[in-house]
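Below: the structure, in structure tokens.
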Amino acid sequence: MSEAKGPPAKDAGSSVSGIARTLITAGKLDKATAQSVQAAAHKSGQSFIAELVASGAVSALTLAQSISSAFGAPLLDLSALRPEALPTTLLDDKICQEFQLIVLGKRNHALVIATADPSNQDAADKIKFATQRRVEWVVVEFDKLVKLLENSAPTEAGKYEAAFADSEFQDQEVLEEEDAATEIDTEVDDSPIVRFLQKMLQDAFQMGASDLHFEPYEFTYRVRFRIDGELREIASPPTLIKEKLASRIKVISRMDISEKRIPQDGRMKLKMSKDKTIDFRVSTLPTLFGEKIVIRILDPSNAKLGIDALGYEEQEKERLLRAIARPYGMILVTGPTGSGKTVSLYTCLNLLNQPGVNIATAEDPSEINMPGVNQVNVNDKAGLTFAAALKSFLRQDPDIIMVGEIRDLETADIAMKAAQTGHLVLSTLHTNDAPTTLTRLRNMGVAPFNIASSVVLITAQRLARRLCAKCKKEVELPRNTLLEAGITEDEIDGSWKPYQPVGCAACNNGYKGRVGIYQVMPITEELQRIILRDGSSMEIAAQSEREGVRSLRRAALNKFKMGLTSLEEVVAVTNE
């Protein structure tokens with residue numbers, strides 16, 4: 001089988017290229033239709049061939065015959081193949097799904113690959129880089145290719161079954177508890193366990209997961225990843241591995257593998273590449289049927305993306321930058337667990353981290369390692385509480401102090417005093433929005449004068465799932481639905497379009513990544529007066545709104561109008 005030749009180099013119009021030009025030259029497609037299909041493909045994010053077949057302008061068989069003739073590549077009918085006989089280990093399935101390819105086999109130093117588009121040089125380059133083999137294309141009908149790819153795509157749970165295929169776990173009987181302890185200690189480096197854990201950690205990072213959950217039950221064992229804020233079941237390995245897997249994780253996280261009755265915390269690292277190392281925070285919890293383990297992925301590069309990457313809009317960004325540029329005062333970031341408070345704080349610290357500045361942080365535990373910052377892990381059992389760490393910081397000549405969380409009156413009082421005596425203090429609280437943060441401090445017992453004289457800015461935040469740019473589509477929503485969500489009559493003017501999730505191979509049910517939603521409230525003189533007279537959170541909210549501070553719902557609706565997220569997501573992450 002010879003390498004594919006290029007198509008005839010006849011000019012068929014400068015506005016079309018690639019396969020379109022080949023079809024025009026062969027007389028199978030007119031230029032106007034080609035331009036129309038090409039524009040539709042660009043708008044929908046699909047390939048030209050997919051859009052062409054879907055439009056019915058050219059049948060899949062005619063298209064394949066024309067491409068085969070133009071490129072001098074063999075034509076193959078996929079219906080004549082047995083899918084189970086195709087090789088599955090010669091090329092990564094991700095590449096096959098991304099470029100819509102099927103590996104037929106190998107010959108000498110080449111891979112024989114079925115495609116509907118042999119002009120895709122990106123695919124050929126990526127395959128050559130991944131396998132160190134050249135490519136021999138075989139042309140097939142697009143519709144049959146798509147159907148075969150859909151049927152052969154492995155499920156997420158099935159991708160991991162190979163790690164335990166034909167291993168000792170398949171026919172092993174459950175060990176008695178006394179024997180299991182010895183077995184675990186002597187075989188903690190069992191290779192299937194090592195390979196399985198390594199693959200899990202690598203895949204979780206590549207899929208953009210924030211957490212991995214290893215969950216044992218009476219008759220099943222499951223692994224779930226939290227991706228874009230939602231848990232997805234990834235694998236169901238044999239239940240017999242749960243003890244060995246827990247011990248492997250505990251050993252590399254420097255925990256006590258013999259202790260299974262109480263929760264433990266630890267950390268571990270994974271080298272992803274020559275210059276990329278990822279930290280993981282590990283937590284174990286004894287359950288009825290074994291230890292549940294949750295691993296949090298701590299990627300320090302998230303804190304170095306810059307404030308623009310967090311999703312602050314221009315006015316909100318200016319307010320925050322103005323606040324952190326102050327020499328003293330307190331900045332509070334609020335929101336529920338998992339709303340990105342730590343990343344926001346470290347983004348600010350990264351901006352402030354200069355050679356002439358002394359920064360100290362107290363956290364439980366430190367999640368992101370940042371060179372140049374003095375980081376302390378609190379240890380309540382040893383007496384190193386947030387309050388104790390803060391007292392010590394004040395004797396260490398600090399310029400900037402970051403407290404992981406204000407949990408009690410003592411910590412709040414010391415942090416307030418530090419903010420009043422020439423230090424910039426950053427911290428977090430768990431409250432629903434910015435105005436209620438001030439009343440929460442008051443309820444903790446902090447005097448109104450201390451709040452008014454120290455707090456300079458409060459940011460409340462949420463994370464909403466971001467619509468996939470490749471597959472999101474416009475949707476017509478009822479007027480009443482928009483009004484109920486908070487869109488005003490004036491805003492329903494046709495100048496913007498709502499979008500909804502669809503779902504494709506590149507995303508998670510129509511969403512990919514997350515976008516920040518922020519309520520940034522500077523403490524103005526009028527707000528200070530309300531605080532001093534012990535005003536309610538409703539008074540504070542009303543005054544901040546008059547000063548141009550948007551509520552979280554309004555901030556989320558703005559992201560919805562920009563086409564970044566869906567209305568369902570807006571309603572889910574903000575409550576009004």
Side-chain angles (χ1 to χ4, degrees), residues 88-99 101 103 126-127 129-131 149 152-165 167 169 189-216 220-239 241-242 244-246 248-250 252-253 266-283 292-302 338 465-466 468 470 503-514:
T88 58
T89 59
L90 296 178
L91 185 62
D92 190 338
D93 183 68
K94 289 180 181 177
I95 297 177
C96 293
Q97 295 292 335
E98 179 184 357
F99 293 107
L101 313 168
V103 181
K126 196 161 188 176
I127 294 167
F129 179 79
T131 65
L149 281 169
S152 64
T155 62
E156 288 182 296
K159 288 191 293 184
Y160 303 97
E161 292 177 0
F164 299 100
S167 77
F169 301 110
D189 287 328
D190 186 83
S191 58
I193 295 290
V194 174
R195 290 198 304 269
F196 179 73
L197 179 60
Q198 182 99 352
K199 181 164 179 58
M200 282 296 189
L201 295 174
Q202 288 175 337
D203 282 5
F205 178 73
Q206 289 167 0
M207 293 169 71
S210 60
D211 302 85
L212 299 84
H213 291 240
F214 297 85
E215 301 170 314
T220 59
Y221 189 65
R222 72 176 178 182
V223 182
R224 295 191 291 173
F225 293 173
R226 187 175 292 280
I227 302 172
D228 297 338
E230 284 196 339
L231 281 171
R232 292 168 57 186
E233 185 167 342
I234 299 297
S236 297
T239 56
I241 76 161
K242 62 184 180 183
K244 291 189 174 184
L245 183 59
R248 173 65 183 171
I249 293 171
K250 287 160 82 172
I252 59 180
S253 303
R267 293 176 78 104
M268 61 184 179
K269 290 178 180 283
L270 179 66
K271 197 172 183 68
M272 302 298 295
S273 63
K274 187 177 180 180
D275 54 355
K276 180 79 168 177
T277 301
I278 301 299
D279 284 335
F280 298 88
R281 189 182 72 198
V282 185
S283 172
K292 175 179 177 178
I293 299 172
V294 175
I295 300 177
R296 167 67 59 89
I297 299 175
L298 308 173
D299 186 359
S301 62
N302 287 339
R465 290 183 294 169
R466 185 188 292 267
C468 174
K470 289 187 177 180
C504 66
C507 67
N508 176 27
N509 298 324
Y511 296 96
K512 187 173 184 179
R514 289 193 281 180

* Asked: Between Leu91 and Phe99, is a side-chain contact (heavy atoms from CB on, under 4.5 Å) present by the stated rule, with each step listed?
  -> CA-CA 12 Å; Leu91 185 62; Phe99 293 107; over 6 Å; no
* Rounded to the nearest 0.5 Å, what's the gap from CD1 on Ile95 to CD1 on Ile127? Could you check? => 6.5 Å
* State, yes or no, whether a side-chain contact exists between Asn508 and Phe225 at a heavy-atom distance under 4.5 Å. => no
* Nearest atoms (heavy-atom pairs only) where Cys507 meets Gly510 -> SG-N, 3.3 Å
* Structure fact -> Tightest non-hydrogen contact, residues Arg465 and Asp228, listed as CG-O, 3.1 Å
* Asked: Side chains of Ile252 and Leu197: closer than 4.5 Å at any heavy-atom pair?
  -> yes
* Would you say the side chain of Arg267 lies within less than 4.5 Å of the side chain of Ser253, judging by non-hydrogen atoms? -> no
* Structure fact -> In this structure, CE of Met200 is separated from CG of Leu245 (nearest 0.5 Å) by 8.5 Å
* Could you point out which residue of Leu270, Ile249, Leu298 forms a side-chain contact (heavy atoms from CB on, under 4.5 Å) with Phe280? => Leu270
* To do: Could you tell me the separation between the CD1 atom of Ile295 and the NE2 atom of His213, rounded to the nearest 0.5 Å?
  => 10.0 Å
* **Atom pair CG (Leu231) and CD (Glu215), whose distance is rounded to the nearest 0.5 Å** => 7.0 Å
* side-chain contact (heavy atoms from CB on, under 4.5 Å) between Ile278 and Leu201: does it pass, once the steps are laid out? -> CA-CA 10 Å; Ile278 301 299; Leu201 295 174; over 6 Å; no
* Structure fact -> Heavy-atom nearest pair, Pro216 first then Tyr221, reads CA-CD1, 3.3 Å
* Asked: So, do Arg514 and Arg466 sit near enough that their side-chain heavy atoms are less than 4.5 Å apart?
  -> no
* Kindly determine whether Lys512 and Lys470 satisfy side-chain contact (heavy atoms from CB on, under 4.5 Å), including the steps that lead there. => CA-CA 10 Å; Lys512 187 173 184 179; Lys470 289 187 177 180; 5.9 Å; no
* Ion pair check, Arg296 and Asp211, cut-off under 4.0 Å -> yes
* Asked: Nearest heavy-atom pair of Ala209 and Ile297: which atoms, and what distance?
  -> O-CD1, 3.3 Å
* To do: Would you indicate whether the side-chain heavy atoms of Thr131 and Leu90 approach each other to under 4.5 Å?
  => no
* Atom pair CG (Asp279) and CE (Met268), whose distance is rounded to the nearest 0.5 Å -> 10.5 Å
* Cys96 side chain near Val103 side chain, heavy-atom distance below 4.5 Å -> yes
* If you measure from CD1 on Ile293 to CZ on Arg248, what distance do you get to the nearest 0.5 Å? -> 12.5 Å
